Every structure is written in C-alpha cells, then in structure tokens.
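See structure below.
These figures come from a predicted structure and were not determined experimentally. We use all heavy atoms of the structure for the numbers below, so side chains are in, but hydrogens, waters and symmetry mates are not.
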Amino acid sequence: MDDKRLPDLGPLLTPQKEFGVVVKQAVESQTVHAPRVDLLFVRFKEATPDENGLAEVVCNQVINYAIPKNKIIEVQKQAVANPSDVSIWSKIVSEARRAFIAYKPTPSTDKPQSRYSEVGEVIAFCVASHFLNAGQVAAKMALKTNSEMPVYGLDGIHVKVETDGILTVFCLESKMVGNAKSGGEQYAKSAAGFAKDRKHKLNEQRIARDLSNLDILDGAVRESALAYFDPYSEEQGKVRERFVGIIIYDEPGYIDKLTVTDAIPIDTHQKHFVAKFESLHGEFSQNITTALKNQNVEAGTCRAFFLAVPSTARLKELFSKEMSNDHIRQ
C-alpha cells in the first residue's frame, strides 16, 4: 500500500504522559511472542506503591475516555470564544462522570460490588493509548442510556497505522480480578467468544463506522479510515486484528517489603519488587498460552497486559472517591 494513502489517525490518540509516570513496564513483550504478554506495575514512592496516584490519574482521563472527540473539540471552541467562563469545562467533566456506575459497597462485606469495574475500562484506554500508541475509535460510554448499566461488547476499540501500511485494530477487554491466573482464563474465554461471534464483530465495526471518533478526521482521510471498517472493502485485507486483555489483579509481591532506612537508595524498594515481578513472566505466559489453547484461540492474535496492583478492591474505592471528590472531605 502506498504510504501517501495511509490515513493519518494521529488526532485519535490521547497522549498519556501522567499514566506513564505512575504505571511502569517491567517486561515488554516482543513481536515474535505468541501470545504477547506484558507486565505492568504501579510505581513506588520510596517503599509505597502509588495507588492514590494511579486512581487520580485514571480519574483525570475519564473525560477523554467517555466523551466523543467531536464534542470535546466543540467545547474547546466554546472555551476559546468565552475564555473567562471555565464552567464550560466543569459541565463536560460532570457529564463524563455521570455516565459511570455509582460505587456501592456490598453491605455484608463492605467491599465494592463486582460490577463496579469501569475503572478497568478507563485503565484499558490508558494502556492502549500509552503502551500501544493507538488512538480510540469509539467512545462507547457515550452510547449508554442508563448510567447504572454497563456497556456491553468490547471495552474499547483502538487503532494504529503501522509502517508497513497495515492497520492494526486493538479490541480491548479489561478484567479486574483477585489473581493473575483466573484473570488470564477469563480473558481467554472472552477472546474465544469474540473470535467466534461474527455478529458481534460486525456490530463493533458498525459502531466504528457510524458512531465513532473518526468524525473528527477531514475529507479523504476520514473516508480512507472508514474503509478499513467496511467488511466488504479492499482495505479489509490490510487489517490486523488483535484482541488485547488488560488484566488488573492483586499482586501479593507488594507485601514483601524492605525496611525503610536512609542507608539505601530511594529506588531500592521498587527494584526489589521488580526483580521478583519480572520472574513471573514465564509463568504468566505459560498460563495464558494454555488458557488460549483450551479455548481454541490463535495465540498470535492475542496480547495481554498484566497490571499488578496491591488491591483491586482498594483501587475501586480510591477511584470512586476521586470521582466524587470524597477524598477532599477526609
């Protein structure tokens, strides 16, 4: 394919500078790996993993995840025309936050209900934007008609034009789980379901064509990009589809802490964690490979990012407090 005909999808990408500060990559998968498995972790502030920082950064991305880009551009224009009226921005931020399911602890255990997992969807958006350098095609949260109901289907669709002229479509699925192995197994089942469900795929392609961020592209660029999502176009032969799982799980390795003293470098604690965390890569890769094989999924079409956090339950709670500004009153 002639490089001059490649659609410029740069406007779809939301840079994630702050996310890259609080979430670090311990192991980056290679193109020869099948499946590709990457290990991510929460950065340390000396001996403490920065859970609060992660919750805050992810909360700040809610507007970019949930609001279509054409609407954000319109608000930007309004802000330029009325520079003294900052309420323009507060209104759209409120609109984005209202689209999310409310946090409600389970009375018997005082733990967040399992359906409160949309923070995982926003994290998936951040991972795809930062680590895959891929722009969001559709703000599916905007399709909600009831804030208390989840969005069904994929958690996100991101795209990237490769240097060889191939368009890679990243189909995102987030999981927030207690342990990495079960998260990998859940991801494998989701990958199998999507791979076999042509109706589901066609519906996601319809959303990408008709209800997407591609509207912000101009003229021929937009038409060129849309052609990739037409199941009957020539460009469909130039599409590489990857099912990407973002598995956020409770990592027990955070419990193994060193004593804080002035005698050791400040980054010693993070290096101590990373050394052990990196050693898990082989185990995680094998577990994912086995799970995909059991589901009859082509491993080469899959990529999994394992994001280790101290506690997914705690992360949900922190995110909910950021969303409601509840932390201000503490």
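- In this structure a side-chain-to-backbone donor-acceptor pair under 3.5 Å is missing from R303 to V244.
- Taking T290 as the reference, Q286 meet the side chain to side chain donor-acceptor pair (under 3.5 Å) condition, with sequence neighbours excluded.
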Stepwise side chain to side chain contact (heavy atoms under 4.5 Å, CB included) test for I264 and T261: CA-CA 6 Å; I264 60 176; T261 73; 4.0 Å; yes
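- Distance check: S29 OG to R36 CZ gives 3.5 Å after rounding to the nearest 0.5 Å.
- Summarising the geometry of A26 relative to E278, their closest heavy-atom pair is O-OE2, 3.4 Å, with the distance given to 0.1 Å.
- Atoms OG1 and OH, from T312 and Y249 in turn, are 11.5 Å apart once rounded to the nearest 0.5 Å.
- When the ring-ring contact (aromatic ring centres under 6.0 Å, His included) test is applied to F131, no partner is found at least two apart in sequence or on another chain.
- With hydrogens and angles ignored, the 3.5 Å screen pairs a side-chain donor or acceptor of K24 with a backbone N or O of G20.
- With a 4.5 Å cut-off on side-chain heavy atoms, R240 and V169 do not count as touching.
- Within the 4.5 Å cutoff, side-chain heavy atoms of F100 are placed close to those of V122.
- L318 and V58 sit in two unconnected hydrophobic clusters of ILVMFWY residues. Membership requires side-chain heavy atoms under 4.5 Å apart, directly or through other members.
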Do any side-chain atoms of residues 44-53 form donor-acceptor pairs under 3.5 angstrom with protein atoms, and if so which ones, sequence neighbours left out?
| unit_1 | atom_1 | unit_2 | atom_2 | d |
| --- | --- | --- | --- | --- |
| D50 | OD1 | G53 | N | 2.9 |
| D50 | OD2 | R43 | NE | 3.0 |
| D50 | OD2 | R43 | NH2 | 3.0 |

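- Using a distance-only test at 3.5 Å, with no hydrogens or angles considered, a donor-acceptor pair links the side chain of S90 to the main chain of S87.
- Side chains of N64 and Q61: a donor-acceptor N/O pair is present below 3.5 angstrom, by distance only.
- Of all heavy-atom pairs between I166 and D164, the closest is N-OD1, 3.0 Å.
- Looking at E317 and K321, a side-chain N of the basic residue comes within less than 4.0 Å of a carboxylate O on the acidic one, giving a salt bridge.
- A salt bridge links E95 with K71: the closest approach of a Lys/Arg side-chain nitrogen to an acidic carboxylate oxygen falls below 4.0 angstrom.
- Rounding to the nearest 0.5 angstrom, the gap separating the CD1 atom in I88 from the CD atom in Q76 is 11.5 Å.
- Using a distance-only test at 3.5 Å, with no hydrogens or angles considered, a donor-acceptor pair links the side chain of N213 to the main chain of Q136.
- Residues A134 and L13 share a closest heavy-atom pair of O-CD1, 3.5 Å.
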Using the side chain to side chain contact (heavy atoms under 4.5 Å, CB included) rule, take I248 and V177 through it: C-alpha gap first, then chi angles, then the decisive distance, then the call. CA-CA 6 Å; I248 305 122; V177 292; over 6 Å; no
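- In this structure K276 satisfies the side chain to side chain contact (heavy atoms under 4.5 Å, CB included) test together with D256, H272, sequence neighbours excluded.
- A 4.5 Å side-chain heavy-atom check between R242 and C171 finds every atom pair outside the cut-off.
- Put simply, the side chain of S233 does not reach to within 4.5 Å of the side chain of Y228, judged on heavy atoms.
- Judged purely by atom type and a 3.5 angstrom limit, S129 has no side-chain atom pairing as donor or acceptor with the backbone of P15.
- Looking only at side-chain heavy atoms (C-beta outward), T14 and Y65 stay at 4.5 Å or farther from each other.
- Here the two rings, on F170 and F243, have centers that are 6.0 Å apart or farther.
- Between F306 and F284, the two ring planes are tilted [angle within 30° to 60°].
- Across all their heavy atoms, N70 and I216 have their closest contact at N-CG2, 3.6 Å.
- Here the straight-line distance linking atom NE2 of H130 with atom CG of L40 works out to 9.0 Å at 0.5 Å rounding.
- Between atom CD of residue Q186 and atom CD1 of residue I247 there is a gap of 8.5 Å, rounded to the nearest 0.5 Å.
- Listed by chain and residue number, nothing satisfies the ring-ring contact (aromatic ring centres under 6.0 Å, His included) test with F305 (two or more places apart in sequence, or in another chain).
- The CD1 atom of I92 lies 5.0 Å from the CD1 atom of I67; values are rounded to the nearest 0.5 Å.
- Contact check for V42 versus V22: no side-chain heavy atoms found under the 4.5 Å cut-off.
- For the side chain to side chain donor-acceptor pair (under 3.5 Å) condition, the pairs that include at least one residue of residues 165-180, sequence neighbours left out, are D155-S174, E162-T168, E173-K175, K175-S190, N179-S182.
- At a threshold of 4.5 Å between non-hydrogen side-chain atoms, the residues V297 and C302 count as touching.
- Within 6.0 Å of atom CD in E18, 12 or fewer heavy atoms from other residues, nucleotides or ligands are found, so the atom counts as exposed in its surroundings.
- More than 12 heavy atoms of other residues, nucleotides or ligands shown are found within 6.0 angstrom of NZ on K196.
- Pairing each heavy atom of I246 with each of A124, the nearest pair is CD1-CB, 3.7 Å.
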With side chain to side chain contact (heavy atoms under 4.5 Å, CB included) as the criterion, how do E235 and V239 come out once you've worked through the C-alpha distance, each side chain's angles and the decisive distance to 0.1 Å? CA-CA 7 Å; E235 280 73 12; V239 175; 5.7 Å; no
Side chain to side chain contact (heavy atoms under 4.5 Å, CB included) between D215 and R222, intermediate numbers included: CA-CA 7 Å; D215 287 342; R222 179 176 180 274; 3.1 Å; yes
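- Both I73 and L214 belong to a common hydrophobic cluster when Ile, Leu, Val, Met, Phe, Trp and Tyr are linked at side-chain heavy-atom distances under 4.5 angstrom.
- Under a 3.5 Å cut-off, the side chain of H33 and the backbone N or O of Q30 do form a donor-acceptor pair.
- W89 and A79 get closest at one heavy-atom pair: NE1-CB, 3.5 Å.
- E185 places none of its side-chain heavy atoms less than 4.5 Å from the side chain of K189.
- Panel note: side chain T289, backbone S285; a donor-acceptor pair is recorded below 3.5 Å.
- Note on ring orientation: taking the six-membered ring where Trp is involved, the planes of F41 and F273 are tilted (angle from 30° to 60°).
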